[in-house]
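Here the structure is laid out as structure tokens; the discussion comes afterwards.
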Amino acid sequence: MITVTRPYLPPLDEFIPYLQSIWESHILTNNGQFHQQLEKELCEYLGVKYISLFANGTLALITALQALKITGEVITTPFSFVASTHCLHWNGIKPVFCDIENNYFTIDPERIEALITPYTTAILPVHVYGNPCDQEKIQKIADKFKLKLIYDAAHAFGVKKDGSSICNWGDLSILSFHATKVFNTFEGGAIVCHDSEMKKHIDDLKNFGFHDEVTVMAPGINGKMNEIQAAFGLLQLKYIDRAIENRKLVSEFYQEKLNDIPGIACMTLVENIEYNYSYFPILIDRNKFRKTRDEVYEELKAQGIFTRRYFYPLISNFAPYKGLESANKDILKVAENIAEKVLCLPIYPDLEISSAEKVCKIIKA
Ligand SMILES: Cc1ncc(COP(=O)(O)O)c(C=O)c1O
């Protein structure tokens with residue numbers, strides 16, 4: 001069986017000393033030694049100023065919106081994982097879906113302005129598949145209309161543009177360290193921010209709102225990452241470059257084998273980036289290829305290869321959101337079209353090239 005992804009695990013024996021240290025200290029959570037160390041090492045690795053670790057990416061998203069006191073309406077993309085929109089719902093915010101760009105699958109900046117109303121307070125774009133959004137254009141709109149900008153960078157661990165981390169963009173960025181992500185801590189996540197005051201504010205919010213022992217400054221949540229997750233993250237960091245390099249080999253193999261097939265298109269990466277090879281989405285055009293996307297999906301499944309139709313259905317088509325005015329399929333034509341064609345192929349650091357070859361053979365058969 002080959003799955004679309006498989007969590008990277010470092011050698012178990014190298015994890016034991018971390019566990020011994022936790023057992024000795026009896027410090028299991030609440031900003032322990034490994035938590036502090038991971039925040040420091042991630043800032044260095046990613047090239048960002050401040051990071052606040054979370055138990056998962058969804059809590060990081062929910063807290064980011066709280067930290068900036070976002071209310072009313074937020075413009076976001078329907079072409080993402082549901083958590084990108086659920087975080088708005090959990091904050092009592094109305095999501096406003098904006099169509100996406102045809103080549104890069106990220107929010108289309110040309111369509112954002114038309115969706116702004118007196119209630120709009122922020123834009124929440126997603127670097128989907130780790131492909132960076134058009135920051136320059138989006139930031140200009142945010143500045144012009146005085147909107148906050150929160151990036152869902154769950155897929156974008158380690159991605160750089162023009163030599164700098166894309167997590168430095170906007171007001172805040174959130175990361176996910178879920179088991180399926182490029183960098184995982186079993187479950188986990190983070191908010192990246194630019195100044196120490198905001199970092200302290202976020203740290204308070206993820207700890208029930210406690211500012212100090214006797215002061216609760218806001219109705220915060222329990223979003224803390226524990227010491228086992230943080231220790232695991234520190235060990236993972238030692239292997240992350242190798243893991244990304246292996247993903248790159250798989251990605252290049254697919255690219256070479258599939259790129260010239262009429263009716264199959266690989267994702268166009270934004271220029272001047274250092275990519276993390278987090279996903280390998282292809283678009284299957286039923287008019288030009290002999291088979292539909294779903295036929296290819298079923299054929300692969302029948303042979304034990306489990307691809308995923310990320311991100312189909314669109315978030316805007318799920319029950320909690322489909323009644324919204326902005327969920328109308330007629331105004332999300334590009335996203336609807338991509339969601340009908342997309343298929344994410346298996347990619348993970350220890351995927352054998354022979355397995356990738358098998359995937360390609362079945363697709364082409
Ligand atoms: C784009 C996106 N945003 C948010 C999340 C939520 O992250 P988590 O699973 O860590 O809560 C995920 C993935 O799971 C995601 O893919």
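Every number for a ligand or one of its atoms is a count from 1 in the order of the listing.
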Give yes or no for whether the N/O distance cutoff of 3.5 Å, strictly under, is met between S80 and ligand 1. no
On the 0 to 90° scale, with breaks at 30° and 60°, tag the F311-H155 ring pair as parallel, tilted or perpendicular. parallel
Here's a test for you: under salt bridge (charged side-chain N to carboxylate O under 4.0 Å, His left out), which of K199, K49, K224 qualifies with E39? K199
For atom 7 (O) of ligand 1, the option (of S84, A179, A83, S176) bearing the nearest heavy atom: S176
Report, as yes or no, whether the 6.0 Å neighbourhood of atom CD on E325 holds more than 12 heavy atoms from other residues, nucleotides or ligands. no
Pairs of nitrogen or oxygen atoms closer than 3.5 Å, one from G57 and one from ligand 1: do any exist? yes
Check if K181 has a non-hydrogen atom at a distance under 4.0 Å from any atom of ligand 1. yes
E187 to ligand 1: N or O pair under 3.5 Å? no
Does G189 come within less than 4.0 angstrom of ligand 1, counting non-hydrogen atoms of the residue? no
What do you reckon, is CZ of F145 surrounded by more than 12 foreign heavy atoms closer than 6.0 Å? yes
Hey, is G188 one of the residues with a heavy atom under 4.0 angstrom from ligand 1? yes
Can you find an N/O atom of D152 closer than 3.5 Å to an N/O atom of ligand 1? yes
